[in-house]
Trainee: 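Here's a structure for you.
Since the structure is predicted, the reported quantities are computational estimates derived from the model, not experimental observations. Worth knowing before you read on, the calculation uses all heavy atoms, side chains too, and leaves out hydrogens, waters and symmetry mates. In what follows, residues are counted from 1 in the order of the sequence shown.
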Amino acid sequence: TRLQGDWSSDVCSSDLLHLTVQFLGSVSYEKVAEIRKEVENVVCSINPFVLKVNETGCFSNKSKPSVLYLGVGGNIEALKALVVKINDKMSQIGFKKKSELFIPHITVAKINYPQKFNPDLSIFLNSTYDEVEFSVDKIQLLESKTLTEGVVYETLNTFSFLEK
């Protein structure tokens, strides 16, 4: 049985905003139990840390971006260590090891092309605001489903970090 949807591990999840630690793609129901076990093994040794939303940006290029995001700063070393640990565990259970550079971000919009006109994103990209700090003390396993009305996320598990 294949699950219709995609799986990822995320921090700072709300109904629509989250920071993806690792996107896993389409996963069988049988594999989910294995993923849960490995994520739980990782988070039991992680201390909470603080991140900051501190900038705006886009992927791939500014003239025709496909993703608009909020950049994340703060204790990036702790976040990167978490990403490496999750990536290592997921590769041990059969997922492809991620080799691309991890750019911590919170996606706020996706733009599909062709458009009637390219949107002017200068206001978004040149925005300045006070940093927003948030504590990261858990990771969630999410299922995403792409429906006609957009992407819908379902939280499958929440794994809390070590208590201080």
Side-chain angles (χ1 to χ4, degrees), residues 5-25 35-36 38-90 95 98-113 115 118-147 149-164:
D6 298 305
W7 300 73
S8 60
S9 297
D10 299 276
V11 297
C12 86
S13 181
S14 72
D15 286 343
L16 296 174
L17 299 178
H18 58 269
L19 189 158
T20 299
V21 173
Q22 183 166 0
F23 179 75
L24 301 174
I35 294 166
R36 286 180 171 128
E38 295 304 331
V39 172
E40 193 164 3
N41 288 338
V42 168
V43 300
C44 69
S45 65
I46 302 289
N47 288 309
F49 54 93
V50 174
L51 294 176
K52 301 175 185 179
V53 175
N54 62 1
E55 64 185 1
T56 58
C58 66
F59 297 125
S60 322
N61 64 61
K62 290 183 180 185
S63 63
K64 198 173 180 180
S66 57
V67 173
L68 302 180
Y69 67 80
L70 299 175
V72 176
N75 193 346
I76 295 299
E77 294 311 311
L79 176 61
K80 287 182 178 179
L82 173 63
V83 169
V84 166
K85 287 178 182 180
I86 294 289
N87 192 2
D88 286 346
K89 288 290 186 185
M90 294 303 105
F95 292 95
K98 304 292 180 187
S99 59
E100 62 269 4
L101 177 66
F102 176 70
I103 300 172
H105 67 282
I106 299 169
T107 299
V108 294
K110 292 185 179 184
I111 302 171
N112 295 317
Y113 292 93
Q115 295 281 328
N118 286 348
D120 179 7
L121 302 173
S122 59
I123 293 173
F124 175 78
L125 294 173
N126 295 316
S127 299
T128 58
Y129 50 88
D130 294 335
E131 292 182 333
V132 177
E133 283 190 0
F134 58 96
S135 178
V136 178
D137 59 2
K138 65 184 175 226
I139 189 170
Q140 294 180 312
L141 182 62
L142 300 181
E143 176 187 9
S144 63
K145 293 181 183 177
T146 304
L147 306 174
E149 55 274 4
V151 179
V152 176
Y153 298 98
E154 180 182 344
T155 302
L156 302 176
N157 278 93
T158 299
F159 306 92
S160 295
F161 295 172
L162 284 173
E163 295 296 324
K164 280 195 163 189

Trainee: Ignoring hydrogens and angles, tell me if any N or O in the side chain of Asn126 forms a donor-acceptor pair with the backbone of Ser122 under 3.5 Å.
Mentor: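 Yes.
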Trainee: Atom OG in Ser160, atom CD1 in Ile139: separation rounded to 0.5 Å?
Mentor: 11.0 Å
Trainee: If the test is side-chain contact (heavy atoms from CB on, under 4.5 Å), which one of Arg36, Lys138, Gln140 qualifies with Phe159?
Mentor: Arg36
Trainee: Of all heavy-atom pairs between Asn54 and Gly73, which one has the smallest distance, and what is that distance?
Mentor: ND2-CA, 3.6 Å
Trainee: So which heavy atom on Asn47 is nearest to which on Phe161, and how close?
Mentor: O-CD1, 3.9 Å
Trainee: To the nearest 0.5 angstrom, please state how far the CG atom of Asn157 sits from the CD1 atom of Ile35.
Mentor: 10.5 Å
Trainee: How close do Ile46 and Val42 get, counting heavy atoms only, and between which atoms?
Mentor: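 That would be CG1-O, 3.4 Å.
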Trainee: Measuring from atom CD1 of Ile103 to atom CZ of Phe59, what distance do you get when rounded to the nearest 0.5 angstrom?
Mentor: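 Output value for this atom pair is 4.5 Å.
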Trainee: Which of parallel (below 30°), tilted (30 to 60°) and perpendicular (above 60°) describes His18 and Tyr153?
Mentor: perpendicular
Trainee: Please walk me through it: do Leu19 and Leu79 pass side chain to side chain contact (heavy atoms under 4.5 Å, CB included)?
Mentor: CA-CA 10 Å; Leu19 189 158; Leu79 176 61; 4.1 Å; yes
Trainee: Give, for atom CD1 of Ile86 and atom OG1 of Thr20, the distance between the pair rounded to the nearest 0.5 Å.
Mentor: 12.5 Å
Trainee: Evaluate the criterion side chain to side chain contact (heavy atoms under 4.5 Å, CB included) for residue pair Phe102 and Asn87; output intermediate values, then yes/no.
Mentor: CA-CA 11 Å; Phe102 176 70; Asn87 192 2; over 6 Å; no
Trainee: Might you point out which heavy atoms bring Pro104 and Ile76 nearest each other, and give the distance in Å?
Mentor: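 Nearest pair, atom of Pro104 first, then Ile76: CG-CD1, 3.8 Å.
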Trainee: Give the intermediate values and the outcome of side chain to side chain contact (heavy atoms under 4.5 Å, CB included) for residues Leu156 and Leu142.
Mentor: CA-CA 6 Å; Leu156 302 176; Leu142 300 181; over 6 Å; no
Trainee: Is it the case that more than 12 heavy atoms not belonging to Ile123 sit under 6.0 Å from its CD1 atom?
Mentor: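 No, because the 6.0 Å sphere around CD1 of Ile123 holds 12 heavy atoms or fewer from other groups.
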Trainee: What closest approach, in Å, do Leu82 and Phe49 show between heavy atoms, and which atom pair accounts for it?
Mentor: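 Taking every non-hydrogen atom into account, CD2-CZ, 4.3 Å.
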Trainee: For Tyr113, give me all partners under side-chain contact (heavy atoms from CB on, under 4.5 Å), at least two apart in sequence or on another chain.
Mentor: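 Listed in chain order: Lys64, Pro65, Ile111, Gln115, Asn118, Pro119.
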Trainee: Do you know which two heavy atoms are closest between Cys58 and Leu68, and how far apart they sit?
Mentor: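 Smallest interatomic distance, heavy atoms only, reads CB-CD2, 3.9 Å.
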Trainee: Quickly, which of Gln22, Met90, Lys85 forms a side-chain contact (heavy atoms from CB on, under 4.5 Å) with Val39? Name it, please.
Mentor: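 It is Met90, the one option of Gln22, Met90, Lys85 that forms the side-chain contact (heavy atoms from CB on, under 4.5 Å) with Val39.
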Trainee: Without swapping roles, check the side chain of Tyr129 against the backbone of Glu55 for a donor-acceptor pair under 3.5 Å.
Mentor: yes
Trainee: Under 3.5 Å, side chain of Lys98 to main-chain N/O of Phe23, donor-acceptor pair present?
Mentor: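 Yes; judged by distance alone, with no hydrogens or angles, the pair exists.
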